[in-house]
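When reading the values below, keep in mind they use all heavy atoms of this one structure, side chains included, and skip hydrogens, waters and symmetry mates.
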Amino acid sequence: MMVVKKNESERAVIILHEIYGINQYIMELADFFYEQGYDTYCLDLNHRENCFSYSEQEEAYAYFKTKIGFEVAKEVESFIKKLGSEYNHVIVFGSSVGATIAWRLSENRYCSGMIGFYGSRIRDYLEVDPDCPCLLLFAEDEEAFCVDDIVFQLRKKKDVRAAVLKGKHGFGDRYAENYHIDSSKLAFDMVECFLKEIEE
């Protein structure tokens with residue numbers, strides 16, 4: 001079920017969750033963007049009654065791979081187009097797998113901006129050529145790939161800002177084991193600045 005928080009704004013944010021679904025972390029992200037003056041839309045990509053707990057990480061990842069996959073971007077794309085006719089600005093924010101989906105959608109002409117936290121699978125979609133400003137924040141400690149190599153390639157793209165913050169995958173989620181308080185604060189400060197620049 002989609003979660004919506006409305007400011008009656010001319011600006012909207014679409015929030016794409018991690019493998020777990022719309023949990024407390026995602027709800028707090030909705031509050032954050034709402035406080036910035038945006039109408040917020042948390043899309044339920046899992047389409048299941050309950051979100052997964054962090055202890056169900058393996059089950060949640062298997063569910064994402066078999067039931068959803070990154071092709072769900074097509075489903076989100078139609079929603080971006082719908083909001084594009086209703087709002088002056090449509091921002092897409094994603095965390096983890098949600099960030100990779102958001103990155104793939106940055107080519108959509110209705111997208112005014114894209115923000116991603118630790119979208120590790122972005123490395124599989126480096127051919128994406130964004131049509132809007134993008135802010136990509138990665139954790140310095142990723143076991144599966146070399147962060148610096150990916151960031152180096154992303155920074156070559158027009159309107160893409162990519163930064164590496166201290167900590168591990170999940171540094172922005174205060175409910176997660178890898179929460180990093182300093183990196184989380186810095187990340188949200190960077191997001192606020194990014195949003196102000198887009199608004200101008």
Undergrad: Does CD in Gln24 sit with more than 12 non-hydrogen atoms of other residues, nucleotides or ligands closer than 6.0 Å?
TA: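 Counting other residues, nucleotides and ligands, CD of Gln24 exceeds 12 neighbours.
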Undergrad: Does the separation of the ring centres of Phe188 and Phe117 fall below 6.0 angstrom?
TA: yes
Undergrad: Within the 4.5 Å heavy-atom criterion, are Glu107 and Asp129 side-chain neighbours or not?
TA: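 In short, these two side chains touch, coming nearer than 4.5 Å.
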Undergrad: Are any of the side-chain heavy atoms of Cys111 and Leu105 separated by less than 4.5 Å?
TA: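 No, their side chains stay 4.5 Å or more apart.
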Undergrad: Is the backbone N or O of Val90 less than 3.5 Å from a side-chain atom of Ser112, with the two atoms forming a donor-acceptor pair by type?
TA: yes
Undergrad: Carefully, step by step, assess Lys81 and Glu77 under the rule salt bridge (charged side-chain N to carboxylate O under 4.0 Å, His left out).
TA: CA-CA 6 Å; Lys81 184 176 180 180; Glu77 188 169 29; over 6 Å; no
Undergrad: Which heavy-atom pair separates Cys134 from Trp103 by the least distance, and what is that distance?
TA: SG-CZ3, 4.1 Å
Undergrad: Do Phe33 and Tyr41 have ring centroids that are under 6.0 Å from one another?
TA: no
Undergrad: Quick check for you: to the nearest 0.5 Å, what is the distance between Asp149 atom CG and Gln153 atom CD?
TA: 7.0 Å
Undergrad: Tell me if the CD atom of Glu86 is crowded by more than 12 foreign heavy atoms within 6.0 Å.
TA: yes
Undergrad: Taking the inter-plane angle between the rings of His169 and Tyr118 on a 0 to 90° scale, is it parallel (under 30°), tilted (30 to 60°) or perpendicular (over 60°)?
TA: tilted
Undergrad: Could you check whether any side-chain N or O of Asp44 sits under 3.5 Å from a backbone N or O of Asn46, counting only pairs where one atom can act as donor and the other as acceptor?
TA: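 Present.
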Undergrad: How far apart are the C-alpha atoms of Val151 and Phe138, what are their side-chain angles, what is the distance that settles it, and do they pass the side-chain contact (heavy atoms from CB on, under 4.5 Å) test?
TA: CA-CA 8 Å; Val151 167; Phe138 293 91; 3.8 Å; yes
Undergrad: Go through the steps for Asp182 and Lys185 under the test salt bridge (charged side-chain N to carboxylate O under 4.0 Å, His left out), then give the verdict.
TA: CA-CA 5 Å; Asp182 292 335; Lys185 183 180 184 309; over 6 Å; no
Undergrad: Hey, does Asp173 have a side-chain heavy atom less than 4.5 Å from the side chain of Tyr54?
TA: yes
Undergrad: Which atom pair, heavy atoms only, marks the closest approach of Ala102 to Gly94?
TA: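 Looking at all heavy atoms of both residues, the shortest contact is CB-N, 4.1 Å.
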Undergrad: Establish, for the pair Arg104 and Tyr125, whether the NZ or CZ atom is under 6.0 angstrom from the six-membered ring centre and no further than 45 degrees off its axis.
TA: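 Yes, cation above the ring, under 6.0 Å and within 45°.
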Undergrad: Walk me through it: do Val191 and Leu135 pass the test side-chain contact (heavy atoms from CB on, under 4.5 Å)?
TA: CA-CA 8 Å; Val191 170; Leu135 175 65; 4.1 Å; yes
Undergrad: May I ask you to check whether over 12 heavy atoms, not counting those of Tyr175, lie within 6.0 Å of atom OH?
TA: yes
Undergrad: Take a 6.0 Å sphere around CD of Glu197 and say whether it holds more than 12 heavy atoms from other residues, nucleotides or ligands.
TA: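 Count over threshold, so yes.
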Undergrad: Let me see the working for Leu45 and Val76 under side-chain contact (heavy atoms from CB on, under 4.5 Å), right down to the final yes or no.
TA: CA-CA 9 Å; Leu45 305 179; Val76 181; 3.9 Å; yes
Undergrad: What do the steps show when you test Val164 against Asp148 for side-chain contact (heavy atoms from CB on, under 4.5 Å), and what is the final call?
TA: CA-CA 8 Å; Val164 181; Asp148 289 338; 4.1 Å; yes
Undergrad: Quick check: closest heavy atoms across Val160 and Pro130, and the distance to 0.1 Å?
TA: CG2-CG, 3.8 Å
Undergrad: Do Asp141 and Lys168 have side-chain heavy atoms sitting under 4.5 Å apart?
TA: yes
Undergrad: Which pair of heavy atoms, one from Met114 and one from Cys132, lies closest together, and at what distance?
TA: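 Heavy-atom minimum between the residues: N-SG, 4.0 Å.
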Undergrad: Do Leu126 and Phe145 share a hydrophobic cluster, counting only Ile, Leu, Val, Met, Phe, Trp and Tyr and linking them when any side-chain heavy atoms are less than 4.5 Å apart?
TA: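 Same cluster.
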Undergrad: Under 3.5 Å, side chain of Ser183 to main-chain N/O of His180, donor-acceptor pair present?
TA: no
Undergrad: Are more than 12 heavy atoms, taken from residues, nucleotides or ligands other than Met190, located less than 6.0 Å from that residue's CE atom?
TA: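 Correct, the count exceeds 12.
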Undergrad: Apply ring-ring contact (aromatic ring centres under 6.0 Å, His included) to residues Phe70 and Phe64 and explain how you reach the verdict.
TA: CA-CA 9 Å; Phe70 291 112; Phe64 176 80; 5.1 Å; yes
Undergrad: Check whether Tyr179 and Ile26 end up in the same hydrophobic cluster, where Ile, Leu, Val, Met, Phe, Trp and Tyr are linked by side-chain heavy atoms less than 4.5 Å apart.
TA: no
Undergrad: Closest heavy-atom contact between Tyr110 and Gly84?
TA: CD2-CA, 3.9 Å
Undergrad: Can you find a pair of side-chain heavy atoms, one from Val92 and one from Val13, that are under 4.5 Å apart?
TA: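 No, their side chains stay 4.5 Å or more apart.
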Undergrad: With Glu199 as reference, evaluate His89, Gln36, Arg11 under the side chain to side chain donor-acceptor pair (under 3.5 Å) test and give the passing residue.
TA: Arg11
Undergrad: According to a hydrophobic-cluster definition based on side-chain heavy atoms being under 4.5 Å apart (Ile, Leu, Val, Met, Phe, Trp, Tyr only), do Tyr25 and Met2 belong together?
TA: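 Yes, it is one cluster - the side chains of Tyr25 and Met2 are joined through contacts under 4.5 Å.
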Undergrad: Drop me the distance from Ile122's CD1 to Thr100's OG1, to the nearest 0.5 angstrom.
TA: 5.0 Å
Undergrad: Any chance you could measure Asp131, atom CG, to Lys158, atom NZ, to the nearest 0.5 Å?
TA: 8.5 Å
Undergrad: Give, for atom CD1 of Ile15 and atom CD1 of Ile115, the distance between the pair rounded to the nearest 0.5 Å.
TA: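 Result: 9.5 Å between the selected atoms.
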Undergrad: Taking the side chain as everything from C-beta on, heavy atoms only, tell me whether Tyr38 gets closer than 4.5 Å to Phe32.
TA: no
Undergrad: With rounding to the nearest 0.5 angstrom, report the OG to NZ distance, Ser184 to Lys166.
TA: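 Going from the OG atom of Ser184 to the NZ atom of Lys166 covers 15.0 Å.
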Undergrad: Quick one: does Phe171's side chain get under 4.5 Å of Asn178's, heavy atoms only?
TA: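 Contact flag for Phe171/Asn178 side chains = no.
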Undergrad: Should Asn7 and Tyr34 count as side-chain neighbours, where that means a heavy-atom distance under 4.5 Å?
TA: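 Asn7 reaches Tyr34 side chain to side chain.
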Undergrad: List the atom of Cys51, the atom of Asn23, and the distance in Å for their closest heavy-atom pair.
TA: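 Cys51 and Asn23 have their closest heavy atoms at SG-CB, 3.9 Å.
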Undergrad: Distance from Ser95 atom OG to Ile101 atom CD1, nearest 0.5 Å?
TA: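 Nearest 0.5 Å value for the OG-CD1 distance: 11.0 Å.
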